[in-house]
Participant: 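One structure, pasted below without further comment.
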Amino acid sequence: PRAVGKKVAITFGEGLIPFDFDRANIRPDARPQLDEIGRALKTLIEAEPKDIAVVEKSKICFEIAGHTDPRGTDAYNLRLSQRRAQAVADYLARNFGIPGDRLIPRGYGERQPLCTQKTEACYALDRRVEIIKRIQVSQTKGDNVRGVSSQTPLPVLRTQTGALAEKRLTVEAGFFYQKGPGKPIYPLEEGVSLCSIKDRYFIFLRPLQDCYCYLLQEDSRGHVDLLFPEEGKDGFVKKARDYWIPAFGRAFTLDETRGTERLYLLVSAQSIKTELEGLSLKDQAKRAVRAFKARAIYIVKAPRPKTPVPSSAISSAQSNSHGLDKFLERIEGEGAWVKMVSFQHE
């Protein structure tokens, strides 16, 4: 057991619910321990009060949080961790009759490591599942039908009316690079190395609903730049509109600081811009990235990997961007979430 904020979690690491490298199936030697947990969770649910006449009541749910070691791309590890969480949820539902609405499988990829050493023993600790007890609260008001509150409330991020943003957000995104002018364009992903000055990179965004987007870049020394929006703007983007960052036909280049570069795409239902504390938009975006980067995101559609983007797709994309569709990633999350892409600056 361990406490994370107000959450109580049971962590299954090596020897409990282990997963082999790049696998999501539950190993046979892990089933006895999982069976013990399944019986315990069922007992907790069966012990709940059955009186439905109360005006307000709570029910126990369990988030099944899947995690991976850091090897592989961020997008791949998010999908793998989701499969691991789903495998455990399916096992508990199938073998112990736990209702599906009491189990919430979510994948966090490599974003919450327990160990940072580059050893097999450390990697094994990170290939894990956590089962987190949560409470759902249902209410009745007069004759209205009850509604269920969110299991994972957002950190403080409010509109002027104080209402909390909790809606699903979907964005199609493409991160691209070019090894010098006139060279082929490829999707930017982990493992790619770019050089200072001559190599170029740019980002394409297409939100599927009105929302707010922010793009930051962090170098190996921890210096952060706000790439989108410009300072003074609020980051609002419109549904189904195409956004090229920095602009269509333009690209970013790197300075002289070598090491790992990280791009953070923050998508939010509400503006993060506030007049409080006198912070710049960049500093507010940095704070929001720290708050939301551990939230689960879902890769609904992965881009075509390691394939050059035809020059015709780029040249015609300003008037008809659908030629880029096969190279775009469709990402979903709730309320506010962060997509990270890292590469090497050599």
Side-chain angles (χ1 to χ4, degrees), residues 1-48 50 58-115 120-136 148 150-152 168 294-300 302 332-334:
R2 64 191 184 97
V4 183
K6 294 184 179 180
K7 301 182 295 186
V8 176
I10 302 172
T11 300
F12 302 98
E14 188 176 15
L16 297 177
I17 303 185
F19 296 92
D20 291 324
F21 174 64
D22 200 29
R23 295 290 184 271
N25 55 298
I26 299 170
R27 284 171 25 185
D29 58 348
R31 291 175 183 168
Q33 179 67 26
L34 188 54
D35 290 345
E36 290 292 327
I37 295 302
R39 286 189 283 270
L41 300 188
K42 184 177 181 180
T43 298
L44 285 173
I45 291 173
E46 290 177 344
E48 287 182 312
K50 300 301 189 293
S58 61
K59 69 176 183 178
I60 298 173
C61 293
F62 302 95
E63 179 180 327
I64 314 297
H67 302 270
T68 71
D69 66 43
R71 292 172 291 182
T73 66
D74 184 58
Y76 181 82
N77 284 335
L78 284 167
R79 294 194 296 271
L80 177 59
S81 62
Q82 181 69 25
R83 286 165 50 210
R84 287 176 173 169
Q86 190 66 58
V88 172
D90 291 345
Y91 186 94
L92 294 172
R94 181 173 62 252
N95 291 284
F96 298 95
I98 298 176
D101 64 347
R102 299 298 188 99
L103 302 172
I104 310 163
R106 286 182 174 162
Y108 292 89
E110 62 192 76
R111 300 179 175 191
Q112 297 182 7
L114 295 180
C115 184
E120 182 52 42
C122 184
Y123 293 150
L125 289 175
D126 286 335
R127 295 194 299 269
R128 71 193 194 277
V129 160
E130 295 177 358
I131 299 180
I132 303 165
K133 179 181 175 182
R134 299 195 182 282
I135 302 296
Q136 285 186 336
V148 180
S150 168
Q151 299 95 8
T152 52
R168 180 167 290 269
R295 289 183 65 107
I297 62 175
Y298 306 94
I299 309 301
V300 180
E332 287 187 354
E334 293 184 1

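For the single chain, residues carry numbers from 1 onward in sequence order.
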Participant: Report the residues that fulfil side chain to side chain donor-acceptor pair (under 3.5 Å) with Tyr123, sequence neighbours left out, ordered by chain and then residue number.
Facilitator: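 Here no residue qualifies.
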
Participant: Sequence neighbours excluded, which residues qualify as side chain to side chain contact (heavy atoms under 4.5 Å, CB included) partners of Asp35?
Facilitator: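 Only Arg39, Tyr91, Phe96 meet the side chain to side chain contact (heavy atoms under 4.5 Å, CB included) criterion with Asp35.
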
Participant: I need the minimum non-hydrogen distance between His67 and Ser81, along with the two atoms involved.
Facilitator: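 Heavy-atom minimum between the residues: N-CB, 3.8 Å.
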
Participant: Got a second to check how far Leu41's CG is from Leu103's CG, nearest 0.5 Å?
Facilitator: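 Spacing of CG (Leu41) from CG (Leu103) equals 7.5 Å.
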
Participant: Counting C-beta onward and ignoring hydrogens, is there a side-chain heavy-atom pair between Phe62 and Ile45 closer than 4.5 Å?
Facilitator: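 Contact flag for Phe62/Ile45 side chains = yes.
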
Participant: CG/Asp90 to CG/Asn95 distance, rounded to the nearest 0.5 angstrom?
Facilitator: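 These two atoms lie 10.5 Å from each other.
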
Participant: Ignoring hydrogens, what is the shortest heavy-atom contact between Gly66 and Val129? Give both atom names and the distance.
Facilitator: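 Closest approach of Gly66 to Val129, heavy atoms only: CA-CG2, 4.3 Å.
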
Participant: If the condition is side chain to side chain donor-acceptor pair (under 3.5 Å), which residues does Asp69 pass it with, not counting sequence neighbours?
Facilitator: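 Partners of Asp69 by the side chain to side chain donor-acceptor pair (under 3.5 Å) criterion, ordered by chain and then number, come out as Arg71, Arg127.
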
Participant: With Asp74, which residues qualify under side chain to side chain donor-acceptor pair (under 3.5 Å), at least two apart?
Facilitator: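 Testing Asp74 for side chain to side chain donor-acceptor pair (under 3.5 Å), a comparison that skips the adjacent residues, returns Arg111.
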
Participant: For Glu332, check salt bridge (Lys or Arg N to Asp or Glu O under 4.0 Å) against everything at least two apart and list the hits.
Facilitator: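 Here the qualifying residues are Arg168.
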
Participant: Which pair of non-hydrogen atoms, one from Glu334 and one from Arg106, has the smallest distance, and what is that distance?
Facilitator: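 Distance-wise, the nearest heavy atoms are OE1-NH2, 4.2 Å.
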
Participant: Among residues at least two apart in sequence or on other chains, which ones pass side chain to side chain contact (heavy atoms under 4.5 Å, CB included) with Ala302?
Facilitator: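 So Ala302 forms a side chain to side chain contact (heavy atoms under 4.5 Å, CB included) with Arg79, Ile299.
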
Participant: List the residues meeting side chain to side chain contact (heavy atoms under 4.5 Å, CB included) with Pro105, not counting sequence neighbours, and say none if there are none.
Facilitator: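 For Pro105 the side chain to side chain contact (heavy atoms under 4.5 Å, CB included) partners, ignoring immediate neighbours, are Gln82, Ala85, Gln86, Ala89.
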
Participant: Closest heavy-atom contact between Asp101 and Cys61?
Facilitator: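 Closest heavy-atom pair between Asp101 and Cys61: O-SG, 3.8 Å.
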
Participant: Rounded to the nearest 0.5 Å, what separates atom CG in Leu78 from atom OH in Tyr108?
Facilitator: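 Interatomic distance, Leu78 CG to Tyr108 OH, rounded to 0.5 Å: 11.0 Å.
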
Participant: Side-chain contact test, heavy atoms from C-beta onward, threshold under 4.5 Å: evaluate it for Ile64 versus Leu92 and give yes or no.
Facilitator: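 In short, these two side chains touch, coming nearer than 4.5 Å.
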
Participant: Which pair of heavy atoms, one from Ala65 and one from Ile132, lies closest together, and at what distance?
Facilitator: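 Result for this residue pair: CB-CD1, 4.2 Å.
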
Participant: Distance from Ile60 atom CD1 to Glu46 atom CD, nearest 0.5 Å?
Facilitator: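 One finds 11.5 Å between CD1 of Ile60 and CD of Glu46.
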
Participant: Which pair of non-hydrogen atoms, one from Ala24 and one from Arg83, has the smallest distance, and what is that distance?
Facilitator: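 Shortest heavy-atom separation between Ala24 and Arg83 comes out as CB-CB, 3.7 Å.
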
Participant: Looking at CD1 of Ile104 and CD of Glu63, how far apart are the two atoms once the value is rounded to the nearest 0.5 Å?
Facilitator: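 Taking CD1 in Ile104 and CD in Glu63, the distance rounds to 6.5 Å.
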
